[in-house]
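What follows is a short report on a single structure.
Letters A, B, ... mirror the listed sequences (proteins, then strands); counts begin at 1.
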Amino acid sequence: MLILANRLSSLRPTKPLLRPISYNYKLTTTTSPSSPPQDATIVNLVLKTDSQTLTRTLEKYPVEWTPDLVDRILKLLWNHGPKALQFFKSLDYQPTYAHVSSSFDHAIDIAGRLRDYKTLWTLVDRMRTRRLGPNPKTFAIITERYVSAGKPDRAIKIFFSMHEHGCVQDLNSFNTLLDVLCKSKRVEMADNKLFKVFRGRFRADTVSYNIMANGWCLIKRTPKALEVLKEMVKRGLNPTMTTYNILVKGFFRAGQLKEAWEFFLQMKKRKCEIDVVTYTTVVHGFGVAGEVRKAQRVFNEMIGEGVLPSVATYNAFIQVLCKKDNVENAISVFEEMLRKGYMPNSTTYNVVIRGLCHVGRMEKAMEFMARMKDDECEPNVQIYNVVIRYFCDAGEIEKGLNVFEKMGDADCLPNLDTYNILISAMFVRKKSDDLLTAGKLLIEMVERGFLPQKFTFNRVLDGLLLTGNQDFAKEILRLQSRCGRLPRRLKL
DNA sequence: TTAGGGTTAG
């Protein structure tokens with residue numbers, strides 16, 4: 001209770017509003033156990049060292065490089081792609097260290113995300129020269145990157161060239177590509193260009209059919225999913241619980257509540273061993289459609305049928321109560337789950353905190369933020385962003401900024417969204433001080449490797465000029481040109 | 001990293 005009182009009292013406005021930049025790179029992943037402090041130091045070092053001196057700096061750095069360490073650093077540098085690739089390359093020059101295939105995969109993933117295909121293929125070649133691959137996982141990464149860059153045809157070509165890179169094409173890699181295409185809602189392309197043509201050659205199995213059924217469900221074309229089901233039976237493949245669960249979810253997604261319920265009843269009638277995933281899907285499906293009582297009945301029924309709810313089931317039900325019923329009831333279920341010995345996870349907290357923010361119960365939301373830590377799940381950047389956004393929307397800008405400061409204490413790094421939310425909030429009160437804060441935030445985000453939009457720069461510049469902060473505006477203008485965001489012509 | 005359920009705003 002005392003801790004809570006302290007937390008709440010620290011929400012009062014304090015100055016300075018921004019924590020010192022030295023907090024910058026206390027990096028951890030927020031949902032998994034904290035990474036060793038040494039990782040943060042290395043990441044910090046990589047971020048602030050220029051590419052020319054990085055190799056030497058790393059050489060002198062007193063640490064024994066191991067594949068695990070390198071993979072962790074690459075993961076932490078995920079939002080700083082070019083820096084991550086420089087780090088990878090610099091280590092490659094170290095005489096005492098050789099990259100392993102998982103690090104190559106990470107680097108290839110990062111290059112793909114940057115759409116730097118030249119680097120990507122150079123890395124693939126190097127991987128092959130060193131007999132480290134490329135392996136099917138490498139190609140799963142590459143094709144996924146091409147598909148998400150809007151180049152699905154290229155991804156398919158790459159799949160068929162796998163063997164030229166010394167990697168076998170098998171049913172697994174075929175299924176992986178089908179899945180990548182389906183998940184990006186390109187099920188028609190997956191069907192016409194791959195599945196129909198090559199299912200014989202790769203001996204499509206239950207997994208292939210499930211992937212295709214799910215693909216149709218994702219774009220709400222449940223009749224096509226039913227066709228897939230029919231066809232797999234015709235070919236002598238038995239549908240599994242996964243197949244049925246895909247269809248139930250598909251009906252709900254398509255808004256076919258009646259069909260979902262009938263399908264569920266059919267499953268029961270045919271003595272399917274309905275599992276916790278089916279029940280969770282049905283509870284969530286009815287709930288988000290506004291049928292809370294029906295969701296509640298199914299939730300109660302599953303226990304009667306001897307299927308224990310999982311944390312995911314509770315999360316689904318709690319979310320439904322938050323959205324379509326009321327937060328009080330959601331909190332009762334939350335407490336009930338604790339009494340039954342379940343350990344809430346970050347999703348559980350996420351939905352409860354969101355629910356509380358949504359009805360303006362910010363103090364209670366902050367209380368749950370504090371509780372998270374007791375349950376060993378640190379709030380992640382998304383949940384911080386939600387709380388900051390709601391505080392700012394309610395005009396409680398200082399409280400929003402205070403939560404932002406707390407992220408630093410909690411080793412949770414702000415992301416691009418965090419900065420955009422806060423900077424936008426600095427314009428609502430039309431106060432000169434707020435504009436100064438906006439400017440400081442803009443400088444801080446650039447120092448942390450985020451590239452603000454041109455719009456953000458112009459907005460802050462206009463604000464500073466209107467509030468008579470000409471000198472600060474000049475500083476921001478210089479920053480903007482350093483970032484390569486060409487400034488407009490401004491009269492200063 | 002071969003398939004199904006729970007977070008994400010308007």
Side chain of A/Q319 - closest among B/dT2, B/dG6, B/dA9: B/dG6
Selection from B/dT2, B/dG5, B/dA3 that lies nearest to any side-chain heavy atom of A/D205: B/dT2
Touch class at under 4.0 angstrom, heavy-atom based, for A/V351 against every strand present: sugar-phosphate
N/O (side chain, A/H284) to phosphate O (OP1/OP2, B/dT7) under 4.0 Å: yes
Touch class at under 4.0 angstrom, heavy-atom based, for A/T313 against every strand present: base
Closest to side chain of A/K249, choosing from B/dT1, B/dG5, B/dT7: B/dG5
Sugar-phosphate, base or nothing in reach of A/N345, heavy atoms under 4.0 Å: base
Derivation and outcome, salt bridge (charged side-chain N to carboxylate O under 4.0 Å, His left out), residues A/E301 and A/K294: CA-CA 10 Å; A/E301 176 194 304; A/K294 199 132 190 178; over 6 Å; no
Steps toward salt bridge (charged side-chain N to carboxylate O under 4.0 Å, His left out) verdict (A/R203, A/D170): CA-CA 9 Å; A/R203 298 177 181 278; A/D170 56 7; over 6 Å; no
Atom pair distance, as rounded to whole Å: CD in A/Q382 and C1' in B/dT7: 9 Å
Interatomic distance, A/L132 atom CG to A/T138 atom OG1 [nearest 0.5 angstrom]: 9.5 Å
Touch class at under 4.0 angstrom, heavy-atom based, for A/N172 against every strand present: base
Sugar-phosphate only, base, or nothing, as touched by A/V276 at under 4.0 Å among non-hydrogen atoms: base
Spacing of A/F251 atom CZ relative to B/dG5 atom C1', expressed in whole Å: 17 Å
Rounded distance (Å) that lies between atom C1' of B/dT2 and atom CZ of A/F202: 14 Å
Distance, rounded to the nearest Å, where A/L171 contributes CG and B/dT2 contributes P: 11 Å
N/O donor-acceptor pair, side chain A/N350 with base B/dG6, under 3.5 angstrom: no
hbond_proxy A/T281 side chain to B/dG5 base (donor-acceptor, 3.5 Å cutoff): no
Protein-nucleotide distance (A/L194, atom CG; B/dT2, atom P), rounded to Å: 17 Å
Show the atom names and distances, to 0.1 Å, of all donor-acceptor pairs under 3.5 Å that link a side chain in residues 228-237 of chain A to residues at least two apart or in another chain.
unit_1 : atom_1 : unit_2 : atom_2 : d
A/E231 : OE2    : A/R199 : NH1    : 2.7
A/E231 : OE2    : A/Y209 : OH     : 3.3
A/R235 : NE     : A/Y209 : OH     : 3.4

Nearest to side-chain heavy atoms of A/T176, which nucleotide of B/dG6, B/dT2, B/dG10: B/dT2
Which side-chain N or O atoms in residues 253-266 of chain A pair as donor and acceptor under 3.5 Å with protein atoms at least two apart or in another chain?
unit_1 : atom_1 : unit_2 : atom_2 : d
A/Q256 : OE1    : A/T222 : OG1    : 2.5
A/Q266 : OE1    : A/R270 : NE     : 3.4

Atom pair CD/OG1 of A/Q382 and A/T418 - distance to nearest 0.5 Å: 8.5 Å
Nearest-Å distance for atom pair CZ/C1', residues A/R354 and B/dG6: 13 Å
Whole angstrom value for the distance that separates P of B/dG10 from CG of A/D417: 14 Å
Touch class at under 4.0 angstrom, heavy-atom based, for A/T240 against every strand present: base
Touch class at under 4.0 angstrom, heavy-atom based, for A/D275 against every strand present: base
Sugar-phosphate only, base, or nothing, as touched by A/V311 at under 4.0 Å among non-hydrogen atoms: base
A/K323 side-chain proximity, nearest of B/dA9, B/dT1, B/dG6: B/dA9
N/O donor-acceptor pair, side chain A/S310 with base B/dG5, under 3.5 angstrom: yes
Rounded distance (Å) that lies between atom C1' of B/dT7 and atom CG of A/N385: 13 Å
